[in-house]
Amino acid sequence: MKTADAYSRLVARLKRIHTIYTVADVLVWDEQVNLPPGGADRRAEQNAVMAELQHREASDPVLGELLGELEADQGPLDGDQRVVLRQARRDYDRAVRLPAEFVREKAELSSRAFHAWAEARPRSDFAAFAPHLERHVELARREAGYLGWGERPYDYLIDQHDPGMSAELIGRLFGRLKEELVPFAHAVVASPVKPDTAFLRGFDVEAQRKLALEVTAALGFDYRRGRLDVSLHPFCSGTGPDIRMTTRFDADNPLDSLFSAIHESGHGMYEQGLPEEHAGTALAMAAGMGAHESQSRLWENQVARSRGFWSHFEPRLREVFRRELGWISSESLYLAVNAVAPTLIRVDSDEVTYNLHILLRFELERRLFSGDLAVQDLPRAWKQASKDLLGLEPESDREGVLQDVHWSGGAFGYFPSYCIGNMLAAQLWYKLVDQHPDLEARFAEGDFTQVLGWLRREVHAQGRRYDVLELTRRATGAELSPEPLMRYLRERYGPLYL
Ligand code: ZN
């Protein structure tokens, strides 16, 4: 009885913290989508107050006492309740062990570093950004120390995004991937087959918007519990009944708007599939960034680049873009959808060479935190790695070490999640195909319910019960591996290019 009462008090507190979080989240979404420039300073103050409120609730000593009480008497708790307790402890420790002074210092640095990066990037002026990056590395090390990971700072940073993963394990997985991916990507790039993408110009933007809404709704995104807007960089925020996703529209890049919307709707469907009755607890949280990215990638790549998907949507595309697509053959369109061309810029890259960009960043981050590489030597190391992996050497830091926003916010250990997500997406896909051999035939009829139904059950409904490794085992019956991804890339791109 005493335990049951303590547990319901814990859940009430977690729900309250979650509610504050959802308010802060809407403010951040609004900042990216609607805010007039004049409102930026006020919004910064609003965000800071929300962060303070969140931190105060999350580090309240009463919450700590509740956790202690429950941990001392776990007998009456069932499996799900123990999952909630474990996650609540993890979050609480993080909130109380980080000194308020440190949290403020990191937030201020992130804000300054972001502006320094935004100015340094167009000028390729790495020297102007380097001192901020050095500070971020130093703060990340200190943060790991506060949380008891002082000996393994990079593992701590990875664990923030993907609980259960480590640099050693990622290094092994990526090493196996690299061995097969590098020669395969080089063979595809060297192919005499060159997709023509020159026709992707002058596509009516309003029609693009209508199509993005129509396609994502057909895949299963629930627009009664979410919306699609426009921002500079596509993203997906919000939880449960209120998902805010964005894309961007460019008359000369219609596939980018469509695939960005599909990608973000994959994130959105994951959030919509988490059990809302457990909102605020680990039972309604995603399993980590790698798991999240597996959902967006599976819809974007395995589903939306398939023959079945295109045999259903191509006629619709031709209706909407009659003028723009007039003389283009089905095969040219499909090849453009699956165009492979190495580029220096990660966010512009195709799905074959994308993972090489991640391998590069993982190796550099790992060396940065092992002490093997100094911040000032990053540009040179980046150029060398880019040449080795992509066969391209950036002429400027704008196209190299300065291209991503992540490090300006101190988000180290985040990049590997993208590649973990790609591996998991392919692994989930083959399990799904095993169980539903008519999957692509159903796509051709516009039926995507088997995919969403399966993901709902195997991934979404699980919340954070398992880390990404255990989630993979349970959903696919195998260890997380790069092999399904390589099999998928060979099956998709081999027939087109080799
Ligand atoms: Zn994503």
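One-based numbering along the sequence shown. Counting starts at 1 for both ligands and their atoms, following the listed order.
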- Using a cut-off of 2.8 Å, count how many protein N, O or S atoms are strictly closer to the Zn ion (ligand 1). 4
Looking at [X] and [Y], does any basic side-chain N land under 4.0 Å from a carboxylate oxygen?
{"X": "D250", "Y": "R248", "result": "no"}
{"X": "E324", "Y": "R201", "result": "no"}
{"X": "E445", "Y": "R442", "result": "no"}

- Please say whether the positively charged group of R346, taken as NZ for Lys or CZ for Arg, lies over the ring of F415, i.e. under 6.0 angstrom from the six-membered ring centre and within 45 degrees of the axis. no
- Assess R305 against F259: is NZ or CZ under 6.0 Å from the centre of the six-membered ring, and within 45 degrees of the ring's axis? yes
- Item | Derivation of the side-chain hydrogen bond (donor to acceptor under 3.5 Å, both in side chains) call for E351 and N301 | CA-CA 8 Å; E351 69 165 328; N301 294 331; 3.2 Å; yes
